[in-house]
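All values reported here derive from a predicted model rather than from experimental measurement. In what follows, chains carry the letters A, B, and so on, assigned in the order in which the sequence lines appear, proteins first and then strands, with residues in each chain numbered from 1.
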Amino acid sequence: MTTAFKKMMCRFLAVALITLPFQTGQASMIGTDQVSSAATVQANRSLVLNHLNRAQTVSEFQALGLDAQQARDRVAAMTDEEVGKLAGQINAVPAGGDGLVAVILVVFFIWYFAFRR
Amino acid sequence: MQRRRHRARALVSPRWSAWQQGVRLVAGALLLLAGLGGCASLVPQTMALREAWPAGVARSSENAAVPFFPQQDYQCGPAALATVLAADGLEVGPDDLVKSVYLPARQGSLQVEMLAAARRYGRVSYQLAPRFDALLQEVAAGNPVVVLQDIGVGPLVNWHYAVVVGFDYPAGELYLRSGETRRLALPFTVFEYSWKRGGYWAMVALPPQRIPASADAAGYLAAVAAMERVAAPQAATLAYATAWRRWPDNATAGIGLANRHYADGALAQAEATLRQTLAQHPDAVPVLNNLAQVLSDLGRNDEALALLDRAARVDASPAVSPAVSPYAAAVRETRALVLQRMGRSR
């Protein structure tokens with residue numbers, strides 16, 4: 001773990017500890033994501049974890065060449081579940097990029113004429 | 001994987017690498033030929049289509065109007081996403097999407113980001129069930145589908161996004177906007193082979209007034225909730241309203257729509273939506289809680305308190321133990337607020 005990440009993690013924890021338990025909104029409507037998420041029971045428990053996952057993913061994005069603002073914006077567009085799956089896995093998950101269909105055209109042709117459906 | 005390949009390319013001479021690629025190609029071809037006998041394991045879903053074609057889906061269909069953006073460099077992610085977004089008339093090109101889905105160091109785009117980026121444009125990103133029938137259902141309904149393929153051979157992994165726009169089962173072909181090819185025809189077998197290794201990953205990104213043909217209520221509403229995080233509020237309102245019309249007895253759809261009305265300050269509409277939902281789900285604690293909040297905001301605290309008592313009774317019933325009731329805290333909070341507004345302490 002990089003020092004920068006540790007620092008950010010500490011900041012996040014500090015902020016989370018201060019703000020999260022004392023969150024008092026005027027309205028106490030139950031949110032739609034709370035109702036539609038399958039893991040509702042664990043929602044409160046994983047609140048801090050979500051913040052950490054997001055912080056980690058932002059720093060991983062930065063390590064992969066995004067500037068800080070871009071990295072934050074992009075992580076913000078993900079759901080808690082998506083960030084949870086991605087955090088720490090960013091170099092292991094597929095990244096679609098190449099379009100060199102020609103490489104396998106030969107193989108395609110062999111199969112193409114034998115079997116199509 | 002890709003980075004490793006790059007380093008390897010730099011170290012060995014071009015001729016060696018070409019020879020290596022040739023060997024891999026032949027090995028891959030042999031593997032495929034060997035597989036022809038036992039195709040069932042190589043392309044199980046294509047084999048299953050022979051037995052049973054998905055009910056209610058045409059045998060051939062193509063949406064020729066889907067635009068085409070030839071990909072540049074490694075940017076098939078932005079190109080594929082632009083294809084589905086522009087298919088519904090959004091004025092967006094691959095260049096606009098590079099900053100939200102392309103990862104320079106990976107020379108590609110992550111699946112999660114493909115889903116997330118479309119939400120910013122007010123589209124509901126919906127990941128399809130990993131099955132041919134879901135894919136075919138969407139394409140037959142005219143919805144272009146982004147798919148993740150591994151077009152490498154043998155040990156070579158080469159992830160690629162393309163957009164399926166049509167298919168012709170009697171001819172045994174699927175039609176894709178792919179790379180630099182406007183209309184790539186791939187046999188079902190070949191397509192499945194390349195699609196399988198990514199876990200049959202496929203997504204659509206549709207405007208909020210259109211629900212994917214293969215969508216189920218829970219999955220779709222989760223997708224709308226995900227969009228609500230980042231999209232314009234009207235898009236989410238429209239999506240919930242559409243979902244509620246499609247699945248009128250779904251409590252989440254009603255709650256979602258009511259929450260949108262509430263956020264917009266349309267309390268009367270929120271109340272009406274919640275009352276209709278409550279009529280179908282008299283024991284739904286979130287509906288009771290949220291309706292109580294709305295009524296309290298309307299100054300009808302007595303009615304609100306009655307609803308909260310009802311919610312507390314449901315939570316206290318033997319069927320729901322306090323440990324598993326995820327809404328108990330919210331109900332207590334609402335109750336405290338209502339009592340405070342009534343000038344009472346309990």
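Note that CD of B:Gln293 is 10.0 Å distant from CD1 of A:Ile30, once rounded to the nearest 0.5 Å.
Put simply, the side chain of A:Phe61 reaches to within 4.5 Å of the side chain of B:Leu110, judged on heavy atoms. Within the 4.5 Å cutoff, the side chain of B:Val112 has no heavy atoms near those of the A:Lys85 side chain. Residues A:Asp80 and B:Arg229 form a side-chain contact, since some pair of their non-hydrogen atoms from C-beta on lies under 4.5 Å apart.
The number of heavy atoms from other shown groups lying within 6.0 Å of CD (A:Gln70) is above 12.
Contact tally against chain A (heavy-atom pairs below 4.5 Å) for B:Gln75, B:Arg119, B:Gln149, B:Met114: the top residue is B:Arg119. No other option in B:Arg260, B:Gln111, B:Lys99 has as many heavy-atom pairs under 4.5 Å with chain A as B:Lys99. Taking B:Tyr169, B:Tyr161, B:Trp201 one by one and counting their heavy-atom pairs under 4.5 Å with chain A, the maximum is reached by B:Tyr169. Comparing B:Val224, B:Ile255, B:Val101, B:Val287 by how many heavy-atom pairs each has under 4.5 Å with chain A, the most go to B:Val101. Chain A forms the most heavy-atom pairs under 4.5 Å with one residue out of B:Val230, B:Asn259, B:Thr46, and that residue is B:Asn259. When the candidates B:Gly256, B:Ser109, B:Ala284 are compared by the number of heavy-atom contacts under 4.5 Å with chain A, B:Ser109 comes out ahead.
Among B:Asp297, B:Thr334, B:Val294, B:Asn289, the one residue that satisfies the side-chain contact (heavy atoms from CB on, under 4.5 Å) test with A:Met29 is B:Val294.
Applying the salt bridge (Lys or Arg N to Asp or Glu O under 4.0 Å) test to B:Glu113 and every residue at least two apart in sequence or in another chain returns A:Arg74. Taking B:Ser100 as the reference, nothing meets the side chain to side chain donor-acceptor pair (under 3.5 Å) condition, with sequence neighbours excluded.
Of the atoms belonging to B:Leu257, not a single heavy atom falls under 4.5 Å from chain A. Only the backbone of B:Pro170 comes within contact range of chain A, with at least one heavy atom under 4.5 Å from a heavy atom of that chain. For a residue to count as touching a neighbouring chain, one of its non-hydrogen atoms must lie under 4.5 Å from one of that chain's; by this rule B:Ala218 does not touch chain A. At a 4.5 Å heavy-atom cutoff, the contact between B:Asn290 and chain A is made by backbone and side-chain atoms alike. Neither the backbone nor the side chain of B:Leu49 comes within less than 4.5 Å of any heavy atom of chain A.
Side chain of A:Glu82 to backbone of B:Ala116: no donor-acceptor contact under 3.5 angstrom is found.
Listed here is the closest heavy atom pair of A:Leu66 and B:Pro104: CD2-CD, 3.9 Å. Summarising the geometry of A:Pro94 relative to B:Arg106, their closest heavy-atom pair is C-NH2, 4.0 Å, with the distance given to 0.1 Å.
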